[in-house]
Structures are given as structure tokens and as C-alpha cells.
Amino acid sequence: MEVREAILKRRSIRKFNPEPIDKEIITKILEAGHWAPSEGNLQPWFFYVVENIELRKALAKAALNQEFIIQAPVAIVVCADLEKTAPYGKRGKELFCLQSTAAAIQNMLLFAYSLGIGSCWVGAFNEAEAQLIMNLPANLRPLAIIPLGYPAETGRARRTNLNDKIKWMQE
Ligand SMILES: Cc1cc2nc3c(=O)[nH]c(=O)nc-3n(C[C@H](O)[C@H](O)[C@H](O)COP(=O)(O)O)c2cc1C
């Protein structure tokens, strides 16, 4: 699939078939995340692959009861490693590692789509609760929960007019 097609056609999916996803495919999606650009190539991300149903139930609860986290057969908890980015000081910790990990998330959403797998970037969750559920070390900040599964809906989100978001500065 062309990159442009994946970018234009990917939509958030919130209804999934229960069919599991092969470990090999999940690994390829994580690999797409791992090839994101990062500050000084520090690769400040860490991925938890959550298949365990009890953990997914707890994550859904921490995410304001977003039940589709339970419906999808797997959820990736994507964390930014705040220690990795120490060479870049405050800006590294407060900005770069979040930007890089966000790039990894987007890579995964797009690549998953190209394989026919639906996903949704879930950012609305209680961070402290997620830390506890996942038993995360203090250096790992959970940025997103990404449920992955074969889609049982087609997303339909639209975009506003691109021209309203652009200012060309030629002179
Ligand atoms: C930082 C961030 C946080 C988000 N959090 C949630 C969320 O908690 N729950 C949800 O259903 N969608 C969430 N989304 C998905 C957006 O709702 C979705 O991307 C947007 O409506 C555009 O739709 P599309 O992804 O289908 O193009 C989040 C997206 C981003 C980038």
C-alpha cells in the first residue's frame, strides 16, 4: 500500500472482531513504531503488548470505560522513557521523548492499517492508574493505549479545510 493511501484512509476503529492477531504481525507493527525518528536516535519508547484480558479490563476502566479496549484482542501500551532522553535535559524530557514516541505511535497506526488491522490512539486515561495496572517503572510514562484488532466498522472522521491550516510565506 502506498504511504499516501494509508495516511488518507486510516481511521480510528472502535469496534473489533474477536479474531486474534498473529504474534508475527504484532511484532511487525511494533517494528514500524521502532523505526520512527527520535531525538539523537535515542529511541525513547517502550511497548507493552497486553493480551491478558484482566489487564485489558483494568486499562479500559482507567480509560474512562472505553470498552473497545476489551473488545480488541490486544492493546499496546506505548510508553515514553524519560531517562533515555537525559542528554537533552528539560527539553528532552518534556518535549522530545513525547514527540518521538508520538511518531512511533503514528507509524504503528498507519502500518497496522496497511495490514488490514484497525486501531485507535487512546490518550484519555488516568495516567497514575495505568502506571499502577502496568506496574511501570518511574522512568516510563504511558502516552497511549492502542487497541489492535480486525475491524468491525469503518471509521468516518472527516477533516476541515486544509487551506484554513496553512499560511504560505513567500514574500
Ligand atoms: C493524542 C490523542 C488522544 C486520543 N484519545 C482518544 C481516546 O481516548 N479515545 C478515542 O476513542 N479516540 C482517541 N483519539 C482518536 C481521535 O478521536 C481521532 O484520531 C480523531 O477523532 C480523528 O479521527 P481518525 O483517527 O479516524 O482520523 C485520540 C487521538 C489522539 C491523537
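In each ligand, atom 1 is the first atom listed, and ligand 1 is the first ligand listed.
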Rounding to 0.5 Å, atoms CG (L110) and CG (L115) come to a distance of 11.0 Å

Show me a pair-per-line table, with atom names and distances to 0.1 Å, of protein N or O atoms that are under 3.5 Å from an N or O of ligand 1.
unit_1	atom_1	unit_2	atom_2	d
ligand 1	5 (N)	W121	O	3.1
ligand 1	5 (N)	G123	N	2.9
ligand 1	8 (O)	Q66	NE2	3.1
ligand 1	8 (O)	G123	N	3.3
ligand 1	8 (O)	A124	N	3.0
ligand 1	9 (N)	Q66	OE1	2.7
ligand 1	11 (O)	R14	NE	2.6
ligand 1	11 (O)	R14	NH2	3.4
ligand 1	11 (O)	Q66	OE1	3.4
ligand 1	12 (N)	R14	NH2	3.2
ligand 1	14 (N)	W121	O	2.8
ligand 1	17 (O)	R14	NH2	3.1
ligand 1	19 (O)	S12	OG	3.4
ligand 1	25 (O)	R10	NH1	3.0
ligand 1	25 (O)	R10	NH2	3.2
ligand 1	25 (O)	S12	N	3.4
ligand 1	25 (O)	S12	OG	2.6
ligand 1	26 (O)	S12	N	2.7
ligand 1	27 (O)	R10	NH2	3.2
ligand 1	27 (O)	R159	NH1	3.2
ligand 1	27 (O)	R159	NH2	2.8

Distance only, no hydrogens: is a donor on one side chain within 3.5 Å (strictly under) of an acceptor on the other, for Q43 and S38? no

Kindly say whether L55 contributes a backbone atom to a donor-acceptor pair with the side chain of N52 at under 3.5 angstrom? yes

Derivation of the ring-ring contact (aromatic ring centres under 6.0 Å, His included) call for Y113 and F111: CA-CA 5 Å; Y113 174 77; F111 190 63; over 10 Å; no

Distance col, row I13:CD1 vs Y150:OH, nearest 0.5 angstrom, shows 14.0 Å

Would you say R141's side chain and A138's backbone share a donor-acceptor pair under 3.5 angstrom? no

